[in-house]
Structures are given as C-alpha cells and as structure tokens.
Amino acid sequence: MFNGTMNTRRRPLWKAILSRSIHTPEALPEFLGTSMPEVREVIRRYPMRINPYYLALIEQKGDPIYKQCIPDLREIRDERGMEDPLNEEGSSPVPGLTHRYPDRVLFLVSSRCAMYCRFCNRKRKVGTPFMVSRESIREGIRYIRKHKEIRDVLLSGGDPLLLENRELHAVLTELRAISHVEIIRIGTRVPCTLPQRVTQRLANMLKRFHPIYVHTHFNHPREITPQAALACRRLADAGIPLGCQTVLLKGVNDDIVTINTLMQRLLTIRVRPYYLFQADLAKGTAHFWTPLSKGLAIMEGLQGHTSGLCVPQFAVDLPGGGGKVPLLPQYVKGARESGLVIKNYQGEQYLYPFQESAFPHSGERSPT
Ligand SMILES: *Cc1c(COP(=O)(O)O)cnc(C)c1O
Ligand code: SF4
C-alpha cells in the first residue's frame, strides 16, 4: 500500500499513514460487517480514528483489536461511567496539568492520538480542541518552573509523539532548562498504534534530553508486530528505558493466558511491564470493565509462574482523585503463635517463623 509510487519523499511515512485514517463508518472495510447507523450515532459523541496500520491488525469482527478501535453502541448507552473519574480537572492548578502527587506532575501536551481507543479514560476530551493549546503548554511549563518540588514530569495527552519533532523538541528544551526537573517521562501509545512514527530521527532527538523514560501501552499480544519491535528497538538503542502500561479490558485481554503471553512478548521487544491497570470508570467505557477479583487472579497467575520481570504492578486509580493504589493477591493466609502462614505460587502453605502472632490481622497498631 505504501510503496514508492506515493510521493512520501518530503512527508514521512507515518504522516502518510495517519492521513489515511478512517473517520467515518462508510470507510470501514465491508468484511467487518459493522453497523453503519450505530457507528454514526456513536461518533457524534466520541470521534473515531483508525489508521490503516492498526486497522490491518484486525483479523475478524469482534476480535481484541476490533474491540479497541471500532465504535460500539454501548459507549453512548453507558449509565454507570463518570465524566472525569479521576478528578483530573479537580487537581489541575492550570489547565492540562495535574499535580496530585508531591514530586511529579502529569502534563498534557497533545490532544491527538494515532487512533482513538474506545476504552480511553479521557475520551470526553481526546481529539477535541479543548484539551491542549499553545497557551496551556506555556502555562504548564511556567507552573513546573515555579514549583521546585517537581522532579518528574510525565508528558501525556492525547499522545505526545503526535507532536511534530520540532514541537516536541521545544517542550523538551524548556523542561530541560528547569534545573529541578530530574526526569522526563513520555506516555505514548504510538509504538503500538503507529510504530512508524518512531523514526531514527525521533530517537536521535529524544536522546539529547536524557534521562528520558517512555511508558508505552500494549494491550494484546497481536499488537506486537515486527514494526512495533523496530520502534521499541530504536528507542531502547537510544538508551531510553521502556515500560508498559496495559489496561485490563473485558473481552480483549482479561484472561491469564493472554496477559502472560503479552508480558512475555513485551520483554522480547525490550519493554518492561510497569502497570496493569484496572480500567477507569470513565463514561462510555463500562462494557470494558472487569471486577477487581479478575485482575488479582491474573496477578496470581503471573507471579512465580513466569519471570519476575514479566510481572507488572496491578493498580487501580481510585475514582474521585485518590490516586493509584497497587493491589496484591493475598499470600498471607493466617497467623499462629509460631509465625505467619504464607502460601507460595503453587498454593502450598509455609510457616514463616519469629513473627508477632497478631500481625497482620490486628488492624492498626495503637501509638505508644
Ligand atoms: C499516573 C500519574 C502519575 C505517575 O504515576 P507513577 O505511579 O509515578 O507512574 C503522576 N501524576 C498523575 C496525575 C497520574 O495520574
Ligand atoms: S492513545 Fe491513549 S490517550 Fe489516545 S485514545 Fe488511546 S488510550 Fe486515549
């Protein structure tokens, strides 16, 4: 599709691919059998964008790739989800910047993405002009400069890597000029949804701003293609540690085999699993929600059964703005006079001696 007959000499390949994205139901391939009136109704509220690279990963209607990108009527029928489940706007001192934790901020620098994920927790805003502006970026940088406690800036959006190289370069240059900013992180789904965006030129540019970390976002083993592997190799070869933030999604990846395979494959492309997120309670996404017990069961299915490097932290971002909290399967089974009873990954119980028997079931210790 993208051979030498297209004039891409001046325009990079990723822009050519992006410009051929599908935004209307009429442009969807017929074999998907998608209901056009339904899609039309949904995209009036939540835009659709599927670039031809990601579209080609769909094998059949309703598969895990299809579910992530094709609009579903349940998005506009959802009565349980919330508009701003994490209360990001409530912890925003300036628009587009969330300062919830003491030493780090979430800074939105782009409102566009290489595709619009149907489960997105910012779906009320992505792809709209209300998310980010030149002015909000300027104000965000001013805020970071003023607040010396900020040592870690996490760029997000939208997708920061949908900025032009020169725009991203300008933001990074400003941030690097602030002496208290120790590390810069980029949260991006581009290595998964439009890996062609990770050009050698981009990698060469990013490495001038070290220490840079990239958190990418893969949800299914079928997203790990040769193109995605090349994108990650370019970043890793530029000395950028790569992490992955996977979202647990019903019907997409909510089983042990899928997550286990995904985590193992991520390591083969030099990406270290970082978080496995409980899906946020965002409006229009309820059909993707899983019970917390599902995530805990998946974590038990990973820990001990495969390399520790494959095991992310299972985290829930508390509704209302409480922040991220890691959840762990319960390995401590009880307390005896002689110690704690702890089970291993195979469910066998062991006694760990020399513990105060009251721990951990006595609740809070009273101060002495
Ligand atoms: C997720 C998040 C961060 C980064 O959290 P880490 O646990 O350090 O990766 C920072 N600020 C906000 C508002 C976030 O949602
Ligand atoms: S790439 Fe990220 S921000 Fe963009 S639509 Fe997908 S989940 Fe949302």
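All ligand and atom numbering here is 1-based and tracks the order in the structure. As the structure is a prediction and not an experimental result, all values here were calculated from the model.
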- Message: Using modelled atom types and a 3.5 Å cut-off, is there a donor and acceptor pairing between side-chain atoms of D84 and backbone atoms of E89?
- Response: yes
- Query: Would you call the rings of H147 and H99 parallel, tilted or perpendicular, where under 30° means parallel and over 60° means perpendicular?
  - Reply: perpendicular
- Task: Look at the rings of F277 and Y275 and say which category their plane angle falls in: under 30° parallel, 30 to 60° tilted, over 60° perpendicular.
- Result: tilted
- Note on the structure: Numbered in order shown, the ligand 1 atoms found under 4.0 Å of a heavy atom of T98 are 13 (C)
- Which ligand 1 atoms does R185 reach within 4.0 Å, using its non-hydrogen atoms? 4 (C), 6 (P), 8 (O), 9 (O)
For residues 109-120, please give each side-chain donor-acceptor pair under 3.5 Å, one per line with the distance, not counting sequence neighbours.
| unit_1 | atom_1 | unit_2 | atom_2 | d |
| --- | --- | --- | --- | --- |
| S110 | OG | R112 | N | 3.2 |
| S110 | OG | R112 | O | 3.3 |
| S110 | OG | D159 | O | 3.1 |
| R112 | NH2 | L162 | O | 3.3 |
| R118 | NE | E75 | OE1 | 3.4 |
| R118 | NE | E75 | OE2 | 3.0 |
| R118 | NH1 | P47 | O | 2.9 |
| R118 | NH2 | Y46 | O | 3.3 |
| R118 | NH2 | E75 | OE1 | 2.9 |

- When you check the side-chain N and O atoms of T188 and R197, is any donor under 3.5 Å from an acceptor? no
- Message: Any protein heavy-atom neighbour for atom 2 (Fe) of ligand 2 (distance below 4.0 angstrom)?
- Response: no
- Closest to atom 7 (O) of ligand 1 among protein heavy atoms sits Y275 OH, 2.5 Å
- Just need the protein heavy atom nearest to atom 9 (O) of ligand 1, so name the residue and atom and give the distance. Y274 OH, 2.6 Å
Ligand 1 versus [X]: contacting region, heavy-atom distance under 4.0 Å:
X	result
L154	side chain
K324	side chain
Q313	neither

- Message: I need the F218 CZ to L266 CG distance, nearest 0.5 Å.
- Response: 6.5 Å
- Message: With a sphere of 6.0 Å drawn around OH of Y101, does it hold more than 12 non-hydrogen atoms of other residues, nucleotides or ligands?
- Response: yes
- Query: Which ligand 2 atoms does M115 reach within 4.0 Å, using its non-hydrogen atoms?
  - Reply: 5 (S)
- State whether the shortest distance between N or O atoms of Y101 and N or O atoms of ligand 1 falls below 3.5 angstrom. no
- Of H217, R189, R265, the residue whose pairing with E223 passes side-chain hydrogen bond (donor to acceptor under 3.5 Å, both in side chains): R189
- Option among R100, R122, K125 that satisfies the side-chain hydrogen bond (donor to acceptor under 3.5 Å, both in side chains) test with E88: R122
- Would you list the protein N, O or S atoms within less than 2.8 Å of atom 8 (Fe) of ligand 2, leaving out water? C120 SG
- Message: Applying salt bridge (charged side-chain N to carboxylate O under 4.0 Å, His left out) to E26 and R40, what does each step give before you reach the verdict?
- Response: CA-CA 9 Å; E26 294 71 26; R40 212 171 293 123; 2.8 Å; yes
- Message: Run D103 and R151 through salt bridge (charged side-chain N to carboxylate O under 4.0 Å, His left out) and show every step you take.
- Response: CA-CA 6 Å; D103 65 341; R151 41 163 290 285; 2.5 Å; yes
